[in-house]
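Because the structure is predicted, anything quoted here is derived from the model rather than measured. Below, read A as the first sequence line, B as the second, and so on, with proteins coming before strands; counting in each chain starts at 1.
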2 protein chains.
Amino acid sequence: MIQSLSEHDREKLQDSLAHSGQKVTPQREIVFAVLLAKRDHPTVEDVFQRARESMPGLSLATVYNCLETFVGCGLVRQVNHERESTRYCPNLAPHAHFRDEATGHVHDIELPPEIIQSLRSILPPGFNSETIEISFHGRSQESAQRSTSN
Amino acid sequence: MIQSLSEHDREKLQDSLAHSGQKVTPQREIVFAVLLAKRDHPTVEDVFQRARESMPGLSLATVYNCLETFVGCGLVRQVNHERESTRYCPNLAPHAHFRDEATGHVHDIELPPEIIQSLRSILPPGFNSETIEISFHGRSQESAQRSTSN
DNA sequence: TTGCAAGTTGGAATCATTCCAACTCATTTC
DNA sequence: GAAATGAGTTGGAATGATTCCAACTTGCAA
């Protein structure tokens, strides 16, 4: 069962939504809370399952809607890997993703500003990039120290 | 209409396939030739249309099969952008992709080895990555010098 | 000449996602 | 305070890329 949002997170939600002329709804609160509760890059289906524990009537379409809304107002990021289901991530700091082939798990990798800078610098003149997506693909020794939730 | 493969390319095809115990077939030759003819990161559907001009009986399933085979034996790379159709790219040199939001076109961006090196270095211990995918997302002034084919 | 294995084919099936029309509910308008 | 408005939600249908599958082809081997 998902805990309700902290004062601070509720405010963040409220602000971001208001900023693009949208409202806080019970569904959006729960979907957002689900994302914050376990930062394991859940799929829509994952979010749906988890959110339903708190709100059994919630529909899948609404989860899609909420997540799209959040992406639109900059509250969360989408993470795509090959053709797999889209995953969602409330970590807004610049970071790359590491996809563990063995487990399918996705880890955030902190991205130092100078790396971003040097990447931007390899673009030929005339190319202006707003976003850069970096994903590593390999294996990690997960078994040891694990900290998917926070 | 697609030209048949050069001696050199046919050999590359033959070698790569043989290496994983597979054969050259007329369908595979044509699909490979289509990829080499216009390096604009075609979708499966694009490849299908172009290849059909030379081989009207070719089926979509076969194009999927051929491309999967090529990826498997390292002849081509897959390029994914968000949830759009998978695109294919016969450029095997390490490179990133730039996706022009306005036109949807994908450009190869050369990737200097030191960038790859520095990216690898940001992985925490215990993470071993085989491949790194980098994609830029933005706008370019394409209208000017254009050179999608080669 | 028969059999086998790899490859191809078309159509059906799958699966994530999007679309849509009906419904809910809070707020505004008269 | 009833009616209208509009954003948001809902379930089911539709879409579209991809995969699956069973039948067919082909070249080669026994």
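Ring pair Phe127(B)/Phe98(A) is perpendicular by interplanar angle, where above 60° counts as perpendicular and below 30° as parallel.
Side-chain contact annotation: Arg99(A) with His107(A), donor-acceptor N/O pair under 3.5 Å absent. Between Asn65(B) and Thr62(B), the side chains place no donor N or O within less than 3.5 Å of an acceptor N or O (distance only, hydrogens not considered).
Residues Asp40(A) and Arg50(A) are paired through a salt bridge, judged by an N-O separation under 4.0 Å between the basic side chain and the carboxylate.
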**Q.** CA sep, side-chain torsions, deciding dist, call: Gln14(A), Gln22(A), side-chain contact (heavy atoms from CB on, under 4.5 Å)
**A.** CA-CA 9 Å; Gln14(A) 155 77 43; Gln22(A) 289 166 302; over 6 Å; no

Q.
Test side-chain hydrogen bond (donor to acceptor under 3.5 Å, both in side chains) on His137(B) and Glu101(B); report intermediate values, then the result.
A. CA-CA 7 Å; His137(B) 202 256; Glu101(B) 299 187 319; 3.3 Å; yes

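Taking 4.0 angstrom as the limit, Thr86(A) places none of its side-chain polar atoms (N or O) nearer than this to OP1 or OP2 of dA16(C).
Whole-Å rounding puts the Met55(A) CE to dT9(D) C1' distance at 10 Å.
Between His105(B) and His41(B), the ring centre distance reaches or exceeds 6.0 Å.
Listed in residue order, the members of residues 13-31 of chain B having a heavy atom less than 4.0 Å from DNA chain C are Gln22(B), Lys23(B), Thr25(B), Gln27(B), Arg28(B). Against DNA chain C, the stretch residues 56-84 of chain B makes heavy-atom approaches under 4.0 Å through Gly57(B), Leu58(B), Ser59(B), Ala61(B), Thr62(B), Asn65(B), Arg83(B).
Using a 4.5 Å heavy-atom threshold, the side chains of Val47(B) and Tyr88(B) count as separate.
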